[in-house]
Amino acid sequence: MAAATLSFSLSLDPQQYHNKTGTAPASPIISTKHSHFPLHKSNHCQFSNFLSFSHSSSSPAPTTASSFLEDSFSTGRFLTNEELEKLKTLEHFVHFQELQSGFLWVRVMRPEEMDRTVSLLAESFSESMLLPVGYNKLLRFFVKQYLIERRAVMPHAATLIGFYRGKGESESGEDVDFAGTVEVCFDKRGANASPATPTPPKNSPYICNMTVRKERRRRGIGWHLLRASEELISQMSSSKEVYLHCRMIDEAPFNMYTKAGYSVVKTDNIIVLLTLQRRKHLMCKKLPVVDHPSESDVSGSVEELPS
Ligand SMILES: CC(=O)SCCNC(=O)CCNC(=O)[C@H](O)C(C)(C)COP(=O)(O)OP(=O)(O)OC[C@H]1O[C@@H](n2cnc3c(N)ncnc32)[C@H](O)[C@@H]1OP(=O)(O)O
């Protein structure tokens, strides 16, 4: 992997998302242009993850006008009309799902949620890589750099986060958990500068860095993070072939992705092991063509979010 990237990449994905309540995860990818994270090499798994969220509860409060548009302008970057439209799509995207044990809302991460997303990803990355606790601070630093860089390429990529509330828990914000995250790249401009191997086509949508907080796994959250990613891709990209990486040793996400309709298109050569990296599968799924994405039965609006 290029010297300038730190990446985690998660994958997962089941094919029958309808009213599914199962479980399934993926692995993350982190990559920053300015970072050289030695651990990355030893694991080789591009986990550009944002894997673990802090435990603190948070209400998925409705999106306000403060969001992406202002943020993007403040970067000084020129945005075309098409990019502005896509930013609006990201801003208003919400995937809601009632699960067997609770309720899940998935939407794009806001700036003030970055630190919690960093915590979740760093925790997940650490878990996947079996890293000693001593690396946590450094890991969080690199994950944050990565997230900042990825946010700057919106609307060509986006970090989604999922909030979960168990049935029977109060509807107040205190019982809403920051439960998982996933990153979605929509096109070449949103692609990672140093992609994991086997290399996916740069122009195609790509899903990575999926993670669900340990205490909330096996409830269908991973499955619906994947489904939300695919829905958003359908709205943001004309390309219907979605790619993701999954490490060969990661049974849970592999099961999920297979169940979701992803197939292995290429696998790392065994020689990869000489670089102290785990072997990965590159998996792909062709999304069905949806004439009217808004007809989705699971996407909601911000007004549906608990306040
Ligand atoms: C592209 C990428 O990002 S790859 C990186 C994937 N991320 C990781 O590996 C990080 C660590 N793992 C996790 O965060 C979680 O385990 C995830 C994200 C993989 C799965 O999240 P969950 O919310 O637990 O998954 P969910 O409950 O939706 O399960 C969906 C399906 O995945 C499969 N699955 C999930 N967990 C497991 C498991 N422990 N063992 C076997 N299969 C599993 C099953 O097929 C399941 O369907 P089922 O419940 O009907 O059997």
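Every number for a ligand or one of its atoms is a count from 1 in the order of the listing.
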Name of the residue among F93, Y164, F163, F96 meeting ring pair (Phe, Tyr, Trp, His ring centres under 6.0 Å) with W105: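 With W105 as partner, F93, Y164, F163, F96 yield a single ring pair (Phe, Tyr, Trp, His ring centres under 6.0 Å), made by F96.
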
Pair E83 + R189: basic N to acidic O under 4.0 Å: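 A salt bridge links E83 with R189.
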
Heavy-atom neighbours of K202 NZ exceed 12 at 6.0 Å: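 Counting other residues, nucleotides and ligands, NZ of K202 exceeds 12 neighbours.
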
Of all the atoms in ligand 1, which lie at a distance below 4.0 Å from a heavy atom belonging to [X]?
X	value
I207	1 (C)
I221	23 (O), 28 (O)
H245	1 (C), 2 (C), 4 (S)
G222	21 (O), 22 (P), 23 (O), 25 (O), 28 (O)
G220	26 (P), 27 (O), 28 (O)

Per-residue contact class, R219 against ligand 1 - non-hydrogen pairs under 4.0 Å: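 Within the 4.0 Å criterion, R219 contacts ligand 1 through backbone atoms alone.
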
Region of E127 that comes within reach of ligand 1 [heavy atoms, distance under 4.0 Å]: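 No part of E127 is near ligand 1 at this cut-off.
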
Check: C208 N/O within less than 3.5 Å of ligand 1 N/O: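 For ligand 1, there is no N or O atom that lies under 3.5 Å from one belonging to C208.
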
F103 six-ring face occupied by K167 cation (under 6.0 Å, within 45°):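 That pair qualifies as a cation-pi contact.
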
Aromatic ring pairing H281/F254, orientation class (parallel under 30°, perpendicular over 60°, tilted between):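 Ring orientation of H281 relative to F254: tilted.
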
The one among T258, N255, T211, V182 that brings a heavy atom closest to atom 41 (C) of ligand 1: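 Among T258, N255, T211, V182, the closest heavy atom to atom 41 (C) of ligand 1 belongs to N255.
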
